[in-house]
There are 2 protein chains.
Amino acid sequence: MVLTTDDLWHSPGFLIRRCQQITTAIFLEEASAYDFSPTQYSALAFIVMQPGVDQSTLGDCTALDRSSVTKCVERLEQRNFIKREICQADRRARRLYPTTEGEAMLVDLAAAADRARCRILAPLKPEERDTFLSTLQHLGDALNDQSRAPMQATSRLEDATAG
Amino acid sequence: MVLTTDDLWHSPGFLIRRCQQITTAIFLEEASAYDFSPTQYSALAFIVMQPGVDQSTLGDCTALDRSSVTKCVERLEQRNFIKREICQADRRARRLYPTTEGEAMLVDLAAAADRARCRILAPLKPEERDTFLSTLQHLGDALNDQSRAPMQATSRLEDATAG
DNA sequence: TGGAATTAGTTTGCATACTGAGCATTAGGT
DNA sequence: ACCTAATGCTCAGTATGCAAACTAATTCCA
């Protein structure tokens with residue numbers, strides 16, 4: 001067996017893991033004043049953008065399994081950024097709505113996320129960025145169903161504004 | 001505020017997180033017969049390649065903080081894939097050595113890792129792969145010190161074969 | 001040489017994220 | 001209508017990973 005350290009350091013899994021560590025750290029730093037993780041930010045953002053979304057759809061859109069969604073929205077609810085209501089049409093489901101505080105927080109968080117995004121892409125030449133992001137997107141789409149929490153674009157419930 | 005779902009889905013942090021979920025899932029699947037995580041594989045691989053390495057250096061090479069290294073090598077030791085010895089030259093440090101089982105296991109794991117690597121890169125055109133990996137590498141290098149567990153190439157102890 | 005600072009490792013605590021089991025509710029088929 | 005699926009969610013258990021506090025050993029330097 002002829003395995004070298006470079007084989008590991010150059011493997012896609014290792015490199016992607018490294019980049020994820022870094023992007024998480026940068027986001028946490030930019031959002032440190034608000035005590036938000038990238039996942040909590042994604043969840044809150046989706047809830048603000050699609051008020052009334054149910055937890056399963058939120059999980060499908062953010063690539064989180066249902067138990068992770070439960071914990072995530074629990075924390076958001078405890079901190080009064082969202083509220084949860086039993087869906088009348090399907091009482092198993094919980095519809096998620098942002099609070100006023102949640103909407104205000106998202107404004108700050110979006111700014112923090114934008115700062116993080118700039119810092120992350122800073123080392124890349126402008127023309128590299130699109131290629132890089134497209135490739136990541138392509139990879140994620142192509143291998144989506146091999147993940148343990150695949151994304152699904154379709155919403156389970158009718159649009160909240162119609163329900 | 002004009003935030004759309006696409007803003008989130010196209011952000012580098014989200015895309016990288018997705019790809020990491022996927023690469024981890026693929027590795028776990030390929031290595032399921034051996035019950036190894038990508039991190040445990042990296043650790044075992046480094047220990048086989050650099051027998052006598054200490055835990056801090058292992059952490060520097062695998063981008064793990066020291067408490068994560070402690071847990072990781074603990075599991076490897078419990079499963080009899082490595083052994084740990086107090087370094088005579090510096091009795092604070094623990095030198096890590098693979099066992100015969102560990103070396104044999106790495107052969108199987110390296111094959112599993114290679115299968116994973118192929119599956120991960122499969123959706124990309126051959127010419128895209130190098131660009132993608134180089135960009136990941138470049139990003140990781142450039143932002144290395146912004147991670148919470150930065151990599152450091154330099155070894156803390158003298159080479160084990162010399163000690 | 002003595003004492004402060006540094007370093008290696010462990011432990012505890014916390015957040016994240018997945019699995020599998022289980023509960024409540026709804027949907028489908030007869 | 002009834003009974004079985006399936007679905008939405010929760011809970012317990014487990015693994016990963018980082019921070020902070022701690023112990024033990026070493027280094028630095030006056």
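Just so it is clear, the values below take in all heavy atoms, side chains as well, and ignore hydrogens, waters and symmetry mates. Order of the sequence lines sets the chain letters (A, B, ...), proteins ahead of strands, with each chain counted from 1.
- In this entry the distance linking CZ of Arg94(B) with C1' of dA8(C) reads 8 Å, nearest Å.
- Residues Phe81(B) and Phe36(B) bring their aromatic ring centres within 6.0 Å.
- Pair check for dA5(D) finds none; no Watson-Crick or G-U wobble contact set falls under 3.5 Å.
- A single hydrophobic cluster is not seen to contain both Leu64(B) and Ile16(A); linkage of ILVMFWY side chains at heavy-atom distances under 4.5 Å, directly or through other members, places them apart.
- The hydrophobic cluster containing Phe14(B) also contains Leu106(A), counting ILVMFWY residues as joined when their side-chain heavy atoms lie under 4.5 angstrom apart, directly or transitively.
- Rounded to an integer number of Å, the gap from Arg18(A) CZ to dG17(D) C1' is 13 Å.
- Nearest-nucleotide positions on DNA chain D for Arg92(A) and Gln55(A) put Arg92(A) closer to the 5' end.
- Checked against ring pair (Phe, Tyr, Trp, His ring centres under 6.0 Å), Phe46(B) has the following partners two or more places apart in sequence or in another chain: Trp9(A).
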- Sugar-phosphate means primed atoms, P, OP1 and OP2; the rest is base. With that split, encode nucleotides 11-18 of chain C 5' to 3' as B, S or - using protein heavy atoms under 4.0 Å. B-B--SBB

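- Of all heavy-atom pairs spanning Ala149(B) and Arg18(A), the tightest one is O-NH1, 3.7 Å.
- The distance from atom CZ of Phe27(B) to atom P of dA15(D) is 16 Å, rounded to the nearest whole Å.
- In this structure, the CD1 atom of Ile86(B) is 10 Å from the P atom of dT26(D), given to the nearest Å.
- With a glycosidic angle more than 90° from 0, dA24(C) adopts the anti conformation.
- For residues 107-131 of chain B, the set of pairs meeting the ring-ring contact (aromatic ring centres under 6.0 Å, His included) definition, not counting sequence neighbours, is empty.
- Using N1 to N3 plus N6-O4 or O6-N4 for Watson-Crick, or N1-O2 and O6-N3 for G-U wobble, each under 3.5 Å, dT26(C) pairs with nothing.
- In summary, of the residues considered (Arg84(B), Arg66(B), Arg94(B)), a side-chain hydrogen bond (donor to acceptor under 3.5 Å, both in side chains) with Gln55(B) occurs for Arg84(B) alone.
- Rounded to an integer number of Å, the gap from CG of Asp35(B) to P of dA15(D) is 8 Å.
- Going from atom CD of Glu85(B) over to atom P of dA8(C) covers 19 Å, rounded to whole Å.
- Taking atom CZ of Arg91(B) as the reference point, atom P of dT23(D) lies 18 Å away to the nearest angstrom.
- The CG-P distance, from Asp54(A) to dT7(D), rounds to 13 Å in whole Å.
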